[in-house]
Amino acid sequence: DTGVSQNPRHKITKRGQNVTFRCDPISEHNRLYWYRQTLGQGPEFLTYFQNEAQLEKSRLLSDRFSAERPKGSFSTLEIQRTEQGDSAMYLCASSPARGDEKLFFGSGTQLSVL
Amino acid sequence: GENVEQHPSTLSVQEGDSAVIKCTYSDSASNYFPWYKQELGKRPQLIIDIRSNVGEKKDQRIAVTLNKTAKHFSLHITETQPEDSAVYFCAATLAAGNKLTFGGGTRVLVKP
């Protein structure tokens with residue numbers, strides 16, 4: 001499967017713990033996006049990267065959230081001191097070079113904070 | 001920033017009938033409007049998209065229309081089939097490669 005890959009698929013954690021998710025985009029896709037989706041809602045933008053540069057972060061992304069894409073390939077999203085309100089599906093998407101807006105999504109990581 | 005409203009939130013149709021989902025956007029500079037289909041427990045998948053220099057685009061049983069003046073666009077599904085049952089999301093973006101802003105989604109149920 002050469003699509004966007006996300007790991008893990010599911011994560012259950014206790015409130016206050018840190019969690020980290022990984023996203024492997026489609027090979028040679030320069031742009032990588034993180035979205036959050038709660039039940040019955042559309043995906044909400046969190047942040048995106050052009051290669052290794054983080055170009056924009058949403059106001060939704062509190063100080064407890066950090067994302068990296070150190071070599072311009074895979075990306076990680078870390079949530080520190082998780083809260084119950086962080087429970088959601090975290091979706092990663094990638095798109096080709098500038099000028100092509102088509103986003104290809106991964107299957108997401110479902111986070112449950114107990 | 002961009003704001004996208006989507007209606008209806010749920011839509012039930014009889015197999016073979018047509019389904020129409022409407023979206024409005026707030027930023028007149030937005031120029032790219034994709035539609036995604038998301039089946040239960042699966043990833044959103046792009047089904048059709050339209051750019052601001054085109055008024056209509058069709059791909060087999062699905063079509064999208066865009067009215068830039070009114071800032072709204074619609075998805076039309078003809079001859080609906082049970083496999084069309086899913087949640088559909090519209091989205092809009094300001095510039096090439098920029099972030100997408102999604103609507104709230106429409107849950108479509110096609111009754112056999």
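Quantities reported herein were computed from a predicted structural model and do not represent experimental measurements. Proteins come first, then strands; the chains are lettered A, B, ... in the order of their sequence lines, and each starts at number 1.
When side chains are defined from C-beta on, Q38(B) does not count as touching F105(A), because their heavy atoms never get closer than 4.5 Å. In this structure, L103(A) and P34(B) have side chains that are not in contact, with every pair of non-hydrogen atoms separated by 4.5 Å or more. Annotation: side chain of F45(A) is not in contact with side chain of E2(B) (no heavy-atom distance under 4.5 Å). When side chains are defined from C-beta on, Q37(A) counts as touching F89(B), because their heavy atoms get closer than 4.5 Å.
Neither F102(B) nor I21(B) shares a network with the other; the hydrophobic side chains, linked directly or stepwise wherever heavy atoms of I, L, V, M, F, W or Y lie under 4.5 Å apart, form separate groups for each. Linking ILVMFWY side-chain heavy atoms closer than 4.5 Å, directly or via other members, places L46(B) and W35(B) in two distinct hydrophobic clusters. V54(B) and L66(B) fall within a single hydrophobic cluster, where Ile, Leu, Val, Met, Phe, Trp and Tyr are joined by side-chain heavy atoms under 4.5 Å apart, directly or via other members. There is no path of hydrophobic side-chain contacts, each under 4.5 Å, that joins F74(A) to F104(A). Residues I47(B) and L109(B) do not share a hydrophobic cluster, defined by chaining ILVMFWY side chains whose heavy atoms lie under 4.5 Å apart.
Ranked by heavy-atom pairs under 4.5 Å with chain B, the first of A93(A), G40(A), S58(A), S107(A) is S107(A).
Closest approach of G106(A) and R43(B) over heavy atoms only: O-CB, 3.1 Å. Smallest separation of non-hydrogen atoms from K102(A) and Y32(B): CG-OH, 3.6 Å.
For Q110(A), no part lies under 4.5 angstrom from a heavy atom of chain B. Heavy atoms of R59(A) lying under 4.5 Å from chain B are absent altogether.
Separation of atoms CG (L100(B)) and OG (S95(A)) is listed at 8.5 Å; rounding is to 0.5 Å.
Counting non-hydrogen atoms of neighbouring residues, nucleotides and ligands closer than 6.0 angstrom, the CZ atom of R61(B) exceeds 12 such neighbours. The local environment of CD in E68(A) is sparse, with at most 12 non-hydrogen atoms from other residues, nucleotides or ligands closer than 6.0 Å.
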